[in-house]
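In what follows, a structure is listed as structure tokens, so that the remarks can point back to it.
Here is how names work: the chains are called A, B, and so on, in the same order as the sequence lines, proteins then strands, and each is numbered from 1.
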There are 2 protein chains.
Amino acid sequence: MKLTTKGRYAVSAMADLAAMGARVPVALSDVALRQGISLSYLEQLFAKLKRSGLVESARGAAGGYWLVNAPADIRIADIIAAVDEEIRTTACAGGSVLGCQGTTARCLTHDLWDELGRQIEIFLNAVSLEDILKKRVLGMAAVNAPNEQSPDERVYKGAAE
Amino acid sequence: MKLTTKGRYAVSAMADLAAMGARVPVALSDVALRQGISLSYLEQLFAKLKRSGLVESARGAAGGYWLVNAPADIRIADIIAAVDEEIRTTACAGGSVLGCQGTTARCLTHDLWDELGRQIEIFLNAVSLEDILKKRVLGMAAVNAPNEQSPDERVYKGAAE
DNA sequence: TACTTGCCGACTGAATTAATTGGATATGGA
DNA sequence: TCCATATCCAATTAATTCAGTCGGCAAGTA
């Protein structure tokens with residue numbers, strides 16, 4: 001999972017829309033001012049957000065963008081996936097185990113990056129736009145102890161993949 | 001937290017040292033061969049690892065690098081911090097809240113990136129080199145439910161809830 | 001001495017991010 | 001109808017970072 005300002009901009013902008021109310025067209029120029037992001041760059045991001053079905057738009061004067069779903073139903077992972085496309089975290093090419101090429105240590109770390117990617121995805125899937133607006137995010141970080149417990153106790157969900 | 005091949009290379013190389021035994025000098029040229037990483041690039045990484053006190057070295061023939069501590073006492077977070085230096089995940093400059101400049105929505109997302117960084121750090125701190133060698137990594141991913149609130153119908157953590 | 005290895009700094013190619021520029025098309029209101 | 005305001009669209013650029021290269025020097029061993 002890439003964690004760049006690109007994804008952060010997108011989340012900030014989406015939170016901005018959410019704060020402005022339901023199905024009210026919000027002009028990107030306003031968002032740009034409030035969030036301190038260049039208008040043209042926002043346009044590129046929203047083209048992707050729209051392509052992913054997260055927002056709708058109206059052209060012309062009094063036009064703008066608005067959220068398709070309620071903030072409670074928009075997960076942060078959806079937003080970042082829309083603008084950052086690539087989710088791969090393992091060193092192995094193509095996500096296939098074949099990429100490890102038979103070397104030992106790299107295959108050992110394979111599990112690590114795999115699990116880290118899952119960890120990040122679980123987190124970003126657990127947080128909605130509404131959680132952000134209502135400041136319910138702090139204190140969510142957690143991790144299971146290494147491998148001694150029964151698999152049934154795991155809280156992890158099989159990430160989208 | 002940056003998650004690039006840089007950190008992955010470093011972890012792979014450290015796992016390689018760990019697998020070779022305690023305080024045995026391992027030449028980087030051997031590590032480069034086994035892990036498929038360019039020697040010169042490895043040298044740069046190990047300069048940082050040494051500066052951080054994770055490895056020691058001996059020059060000359062039969063020289064090489066070895067781990068200062070036991071694999072069980074070396075956490076992945078230490079390795080990545082050593083080579084990637086920067087851990088900042090918030091959009092706010094300098095890690096200071098002042099970077100938010102009074103805009104509302106960016107400050108809202110501040111908590112999110114803060115917590116995500118904490119999540120990643122908790123995970124990478126919970127895993128040691130020994131865990132990797134003994135393949136105890138899978139199943140550690142987890143997350144707490146969002147901050148105390150009346151439970152609604154939404155599924156935060158997937159089917160396991 | 002010859003060889004191996006760590007050490008050091010400057011440089012380069014490739015990729016990506018972030019942003020810019022210059023338009024075209026649609027819409028509502030004066 | 002005209003015009004300001006918007007989304008839309010494509011191409012280009014500037015800056016950054018990653019990943020890797022290159023050449024040479026220092027130190028230790030046989």
Rounded distance (Å) that lies between atom P of D:dG23 and atom CG of B:Leu39: 14 Å
Integer-rounded Å distance: D:dC9 C1' and A:Phe46 CZ: 17 Å
Separation of C:dG9 P from B:Lys48 NZ (nearest whole Å): 13 Å
Nearest of D:dG20, C:dT5, D:dC8 to any side-chain atom of A:Lys50? D:dC8
Basic-acidic side-chain contact under 4.0 Å: B:Glu121, B:Arg118: no
Atom-pair distance (CG on B:Leu28; P on C:dG6), nearest Å: 4 Å
For D:dT17, does OP1 or OP2 lie under 4.0 Å from any side-chain N or O of B:Lys6? no
Got a sec? Which of residues 55-62 of chain A come in under 4.0 Å of DNA chain D, heavy atoms? A:Ser57, A:Ala58, A:Arg59, A:Gly60, A:Ala61
Is A:Tyr65 touching bases, backbone alone, or none of the nucleic acid, heavy atoms closer than 4.0 Å? sugar-phosphate
What is the distance, rounded to the nearest whole Å, between atom CD of A:Glu43 and atom P of C:dA19? 14 Å
Rounded interatomic separation in angstrom, taking OH from B:Tyr41 and P from C:dC11: 19 Å
Applying the salt bridge (Lys or Arg N to Asp or Glu O under 4.0 Å) test to A:Glu130, which of A:Arg136, A:Arg75, A:Lys135 qualifies? A:Arg136
Can you find a side chain N or O atom of A:Ser29 that sits less than 4.0 Å from OP1 or OP2 on D:dA6? yes
Atom-to-atom span, CG of B:Leu45 to P of D:dT21 - whole angstrom: 13 Å
Checking side chain to side chain contact (heavy atoms under 4.5 Å, CB included) between A:Leu17 and each of A:Val24, A:Ile74, A:Val55, A:Leu129, which is the one that passes? A:Val55
Within less than 4.0 Å of OP1 or OP2 of C:dT17, is there a side-chain N or O belonging to A:Tyr9? no
Respond yes when some side-chain nitrogen or oxygen of B:Ser38 is under 4.0 Å from OP1 or OP2 of D:dT21, and no when none is. yes
Is any side-chain N or O of A:Gln44 under 3.5 Å from a base N or O of C:dT17, one able to act as donor and the other as acceptor? no
Look at the aromatic rings of A:Tyr65 and A:Phe46 and report parallel, tilted or perpendicular, splitting at 30° and 60°. tilted
Rounding to a whole Å, what distance do you find between A:Leu42:CG and D:dC8:C1'? 14 Å
